[in-house]
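Below: one structure, written as structure tokens.
Remember, it's 1-based here, ligands and their atoms both numbered in the order they're listed.
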Amino acid sequence: MTQDVGIPEDIRDLVRGITQGLLEFVEQEVVPLEQRDKDILSDERKLFDERGFLVERAQEARREVRMKSAQAGFYAMFAPEGVGGGGVPARAMALVQEGYYRRLGPGRLYAGWGKGCLTQPPVASFVDGPSHMFTFAPEPVRKEYLPRLLRGEKTVCFALSEPDAGSDVWSIKTRARRDGDDWVITGTKQWITNGPYADYAIVFAVTDEEAAANHKGGITAFFVDTSWPGFSKDAAIRIMGHLGSDCGILSLDNVRVPGDYVMGQVGQGFQIAMLGISEGRLAIAASCVGLSQYALDRSLAYAQERKSFGVPIAEHQAIQFMLAEMAIDIFTSKYATLQTAALVEAAVQGKGRLPVKEISIVKAYSVEACQRVYDSAIQVHGGMGLTDDLPLNEGWRIARTLRIPDGTSEIQRRTIARQMLRGDVTF
Ligand SMILES: Cc1cc2nc3c(=O)[nH]c(=O)nc-3n(C[C@H](O)[C@H](O)[C@H](O)COP(=O)(O)OP(=O)(O)OC[C@H]3O[C@@H](n4cnc5c(N)ncnc54)[C@H](O)[C@@H]3O)c2cc1C
């Protein structure tokens, strides 16, 4: 299935074991729930309420999947051991994501939302569950909240972006002011994945105007319980033709947060956010490699089966070139992602810097490659490629969507250029 000659045997074994286990988990635990809840999962009009929020039953099914996955050891496997996670290293993470996305494809992961509703929850990411950011969690959060997150019983969200601040993180308007021992937070957060459903939120707010204006700290990360007074989940944002989503708008109106619920140090929020986002960028790159492979697998099969002018379309050079372009994109994104993951592992072991430039390179490249791959896959399939009978248009929509979160393609290029101009010109 894969050459991966540079990957040590122990990592390969780990990846094989996890990927196989995860796919079996889907068959044994997720598929029966999908059958049980087929009526809502097969119709977005029943899956979402009129505001675009997942109906209660779907949320409950997701919770069931998370908790079963946690018991089976998959849910928090990518979180570090120090916070109670599985500590799966970055290369293994990348290969597991790749294998999972390749096998399930966009149709089982996202399509029509319903079909993807229960295949996303088995593995937590930094936008909904335990992650590297929790190494900064203060004692009360570690004691009281983290165990519930690790069990998959509760979820969290990453609340950084705002209506007027997406790429330009430093311009967030949410403010936290001291009041005795507490902090009081006010502001609006937008585009927050899992925001409509999260039990807790990591909220980023300005605590020092001058430092934030000079991009020298001044933003603090707070752990907030979304049931606390003043916190509201205002809306779910409908994206790319769907009737609802995971993405939402949150508002905080004088939400009182205990002083010891600060993640890390006061003023350290930007670094904590970047730690989470870096994890997300690498995971997106890896999942795009898998999604792209799914599209190529389908295209290779279809091209050999579908005939035109008396021969399989695979015999036309125009089709061969599209298949070859897909392979070029997949090979490049896969090995760039694995190399970046190896650099991340080295950084985690204190043997090098965090590969900021490389993480941006693979996030931008893999997502854009994935979109090219799906565009070609649709073309290879002709009219069939556009239908909802195949998940290819959904794959295209996913790739198109992923060019925005965790830093747009333009912001990745900005980061790459700035890193090089600061002297990081190693490759
Ligand atoms: C599906 C989805 C999920 C998301 N999940 C989360 C989440 O969980 N938590 C969270 O906090 N946020 C989340 N986001 C928000 C996401 O991080 C922002 O949408 C993203 O950073 C872009 O911000 P923006 O939408 O405000 O666009 P803007 O920042 O307004 O950018 C608009 C355009 O200008 C370009 N641009 C901006 N600045 C520059 C520059 N300096 N140079 C060149 N071009 C520039 C951008 O690339 C873009 O093309 C999510 C977004 C989406 C779509």
task = List the steps and the verdict of side chain to side chain donor-acceptor pair (under 3.5 Å) for Tyr197 and Arg62.
result = CA-CA 11 Å; Tyr197 318 112; Arg62 289 185 124 191; over 6 Å; no
inquiry  = So, regarding Glu162 and ligand 1 (criterion: nitrogen or oxygen to nitrogen or oxygen, under 3.5 Å), is there a contact or not?
reply    = no
inquiry  = Return the closest protein heavy atom for atom 16 (C) of ligand 1 as residue, atom name and distance.
reply    = Ser161 OG, 3.8 Å
inquiry  = Tell me whether Trp191 has any N or O atom under 3.5 angstrom from an N or O of ligand 1.
reply    = yes
ask   = Salt bridge between Lys351 and Glu345, side-chain N to carboxylate O under 4.0 Å?
value = no
task = Step through it carefully: locate the ring centre of Phe126, locate the ring centre of Phe78, and say whether they are under 6.0 Å apart.
result = no
query = Where does the angle between the aromatic ring planes of Tyr145 and Tyr261 fall among parallel (under 30°), tilted (30 to 60°) and perpendicular (over 60°)?
reply = perpendicular
task = Starting from atom 44 (N) of ligand 1, find the nearest protein heavy-atom neighbour and note its residue, name and distance.
result = Glu410 CB, 3.5 Å
task = Salt-bridge test for Lys363 and Asp406: reply yes if a basic N is under 4.0 Å from a carboxylate O, no otherwise.
result = no
inquiry  = Using a 4.0 Å cutoff against the non-hydrogen atoms of Arg414, which atoms of ligand 1 qualify?
reply    = 41 (N)
inquiry  = Could you identify the single nearest non-hydrogen protein atom to atom 52 (C) of ligand 1 and state the distance to 0.1 Å?
reply    = Pro405 CB, 3.9 Å
key: Residue pair Gly52 / Ala236: nearest heavy atoms and the distance that separates them   = O-CB, 3.3 Å
message = Is the ring pair His381/Tyr302 parallel, tilted or perpendicular, if the boundaries are 30 and 60 degrees?
response = parallel
key: Heavy-atom protein contact below 4.0 Å for atom 49 (O) of ligand 1   = yes
inquiry  = Holding to side-chain contact (heavy atoms from CB on, under 4.5 Å), I want the full list of residues that pass it with Thr226, two or more places apart in sequence or in another chain.
reply    = Ala201, Phe231, Lys233
request  = Give the residue, atom name and distance (to 0.1 Å) of the protein heavy atom nearest atom 40 (C) of ligand 1.
outcome  = Ile411 CD1, 4.0 Å
remark   = Rounded to the nearest 0.5 angstrom, the CG-CZ distance for Asp260 and Phe223 is 12.0 Å
message = Between Glu325 and Arg372, does any NZ, NE, NH1 or NH2 come within less than 4.0 Å of an OD or OE carboxylate oxygen?
response = no
ask   = Could an N or O of ligand 1 be found under 3.5 Å from any N or O of Ala165, whether backbone or side chain?
value = no
remark   = If you compare Ala198, Ala159, Gly166, Ser245 by their heavy atoms, the one closest to atom 23 (O) of ligand 1 turns out to be Gly166
note = Looking only at protein heavy atoms, what sits closest to atom 8 (O) of ligand 1 is Thr193 N, 3.0 Å
request  = With sequence neighbours left out, write down each residue that passes side-chain hydrogen bond (donor to acceptor under 3.5 Å, both in side chains) with Arg414, or none if nothing qualifies.
outcome  = none
remark   = Counting heavy atoms under 4.0 Å, the part of Lys189 that contacts ligand 1 is neither
ask   = Should the proximity of Ile404 to ligand 1, defined as any heavy atom under 4.0 Å, be assigned to the side chain, the backbone, both, or neither?
value = both
task = Please work out which of Ala201, Cys247, Gly407 has its closest non-hydrogen atom nearest to atom 2 (C) of ligand 1.
result = Cys247
ask   = Is the closest protein non-hydrogen atom to atom 35 (C) of ligand 1 under 4.0 Å?
value = no
query = Among protein heavy atoms, which lies nearest atom 9 (N) of ligand 1, and at what distance?
reply = Phe158 O, 2.8 Å
message = Geometry only, no angles: is Leu160 polar-contacting ligand 1 at N/O separations under 3.5 Å?
response = yes
key: Minimum-distance protein heavy atom relative to atom 31 (O) of ligand 1   = Ser167 OG, 3.7 Å
ask   = By number and element, which atoms of ligand 1 are closer than 4.0 Å to a non-hydrogen atom of Val127?
value = 8 (O)
key: Heavy atom of protein closer than 4.0 angstrom to atom 46 (C) of ligand 1   = yes
ask   = Are Arg353 and Asp424 ion-paired here, with the side-chain N under 4.0 Å from a carboxylate O?
value = yes
